[in-house]
Asker: 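Below is a structure I'd like to ask you about.
Throughout, a chain's letter reflects where its sequence line sits, starting with A, and its residues are numbered from 1.
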Amino acid sequence: MDADLDRKSVTDFQQRVYAQTSLIPKGKVVSYGELARALDCGSAQAVGQALRRNPFAPEVPCHRVVSASGDLGGFYGERGGEAAEKKRQLLEEEGVTFASDTQVNSHSFHQFSKGL
DNA sequence: AACCTGACGGACA
DNA sequence: CTGTCCGCCAGGT
C-alpha cells in the first residue's frame with residue numbers, strides 16, 4: 001500500500017544505524033563495533049554497510065564513526081583517501097583530538113548507555 | 001535461494 | 001608493529 005512506497009532503499013536496520021549515529025554528541029566518536037553493540041547487532045561490518053553509502057548524509061554525522069582501533073575507517077565510500085583527511089578535519093573542528101594523522105585519541109570515544 | 005562483498009574486530013604468526 | 005585468517009551480520013546481484 002502507500003506505506004510500501006517510502007521504505008525501499010532504506011531497510012529497518014539501516015534506519016536504526018542512522019538513528020543511533022545521529023545520537024553521537026559533537027566532539028566525540030564511536031566505533032562501528034560500539035554502534036553495532038548499541039543496535040544489538042554484534043557485527044560492525046553490518047553497521048559499516050549501512051553507513052557506507054548513507055543517503056542521509058550529512059544529516060547523519062557518519063564522520064563521527066571510526067574504527068575500534070582509533071583509525072578513521074572510511075568516508076564517502078573511500079578508505080584512507082582524501083575523504084579520510086576531510087573526515088579527520090571535521091572531527092578536529094568539533095573538538096576531537098588525534099593521536100596521529102589517521103588515529104583518533106582514545107579519550108575522544110563516546111559510550112552509549114548500557115542500561116546499568 | 002545461493003554466493004560474494006563490505007566505511008569491522010579480534011586473534012594469531 | 002605488520003600481515004593474514006576467521007567470524008560476525010546485512011545487502012546486492
Side-chain angles (χ1 to χ4, degrees):
Chain A
M1 310 312 262
D2 45 349
D4 298 274
L5 303 175
D6 296 46
R7 18 188 170 151
K8 289 315 164 287
S9 311
V10 190
T11 66
D12 188 63
F13 179 76
Q14 284 172 257
Q15 291 185 40
R16 270 183 251 171
V17 178
Y18 305 137
Q20 195 67 21
T21 302
S22 60
L23 299 179
I24 304 171
K26 192 180 78 173
K28 293 263 185 145
V29 295
V30 191
S31 64
Y32 297 91
E34 198 68 28
L35 197 57
R37 227 174 167 122
L39 298 168
D40 195 59
C41 179
S43 180
Q45 268 189 322
V47 176
Q49 277 262 74
L51 293 172
R52 186 185 172 216
R53 242 87 110 142
N54 85 350
F56 289 80
E59 311 266 319
V60 176
C62 46
H63 60 269
R64 290 184 194 155
V65 188
V66 299
S67 75
S69 306
D71 209 68
L72 290 168
F75 202 48
Y76 287 116
E78 288 188 54
R79 280 205 281 195
E82 291 185 33
E85 294 186 40
K86 178 78 178 243
K87 180 173 182 176
R88 171 177 130 279
Q89 192 177 302
L90 282 169
L91 293 170
E92 288 190 291
E93 293 274 310
E94 299 193 340
V96 178
T97 51
F98 278 71
S100 179
D101 287 1
T102 57
Q103 247 194 340
V104 183
N105 216 316
S106 52
H107 69 74
S108 297
F109 276 76
H110 174 64
Q111 196 176 164
F112 292 113
S113 302
K114 290 177 179 137
L116 56 134

Asker: Taking the side chain of A/Leu51 as its heavy atoms from C-beta onward, which of B/dA7, C/dC8, B/dG6 lies nearest to it?
Answerer: B/dA7
Asker: Side chains of A/Val17 and A/Gln49, heavy atoms from C-beta outward: is any pair under 4.5 Å?
Answerer: no
Asker: Using whole Å, what does the distance between atom C1' of nucleotide B/dG9 and atom CG of A/Leu35 come to?
Answerer: 14 Å
Asker: Are A/Ile24 and A/Val29 packed together at the side-chain level, in the sense that at least one heavy-atom pair is separated by less than 4.5 angstrom?
Answerer: no
Asker: I'd like to check A/Phe112 versus A/Leu39 (side-chain heavy atoms, cut-off strictly below 4.5 Å). Are they in contact?
Answerer: no
Asker: Without decimals, in angstroms, what is the distance between A/Gln45 CD and B/dG10 P?
Answerer: 13 Å
Asker: Going by heavy atoms closer than 4.0 Å, what residues in residues 18-32 of chain A are next to DNA chain B?
Answerer: A/Ser31, A/Tyr32
Asker: Side-chain contact test, heavy atoms from C-beta onward, threshold under 4.5 Å: evaluate it for A/Cys62 versus A/Phe75 and give yes or no.
Answerer: yes
Asker: Would you mind telling me which of B/dC8, B/dG9, C/dG11 lies closest to the side-chain atoms of A/Ala68?
Answerer: B/dG9
Asker: Quick test of your reading of the model: are A/Glu92 and A/Arg88 salt-bridged, counting only N-O distances below 4.0 Å?
Answerer: yes
Asker: Please classify the nucleic acid contact of A/Gly33 as base, sugar-phosphate, or nothing, using heavy-atom distances under 4.0 Å.
Answerer: sugar-phosphate
Asker: Tell me the interatomic distance from A/Arg53, atom CZ, to C/dG11, atom P, rounded to whole angstroms.
Answerer: 15 Å
Asker: Which whole-number value in Å describes the distance from A/Arg37 CZ to C/dC8 C1'?
Answerer: 13 Å
Asker: May I ask you to verify if any side-chain N or O of A/Arg79 is less than 4.0 angstrom from the OP1 or OP2 atom of B/dC8?
Answerer: yes
Asker: In whole Å, I'd like the distance from the CD atom of A/Glu82 to the P atom of B/dA7.
Answerer: 18 Å
Asker: Less than 4.5 Å apart, side chain to side chain, heavy atoms only: is that true for A/Thr21 and A/Phe56?
Answerer: no
Asker: Rounding to a whole Å, what distance do you find between A/Gln14:CD and B/dG6:P?
Answerer: 16 Å
Asker: Kindly indicate whether the side chain of A/Leu91, heavy atoms from C-beta on, has any atom under 4.5 Å from the side chain of A/Arg64.
Answerer: yes
Asker: Could you state the atom-to-atom distance from CD of A/Gln103 to C1' of B/dG9 in whole Å?
Answerer: 14 Å
Asker: Within this structure, what is the CZ-to-C1' distance between A/Arg52 and C/dA10, rounded to whole angstrom?
Answerer: 13 Å
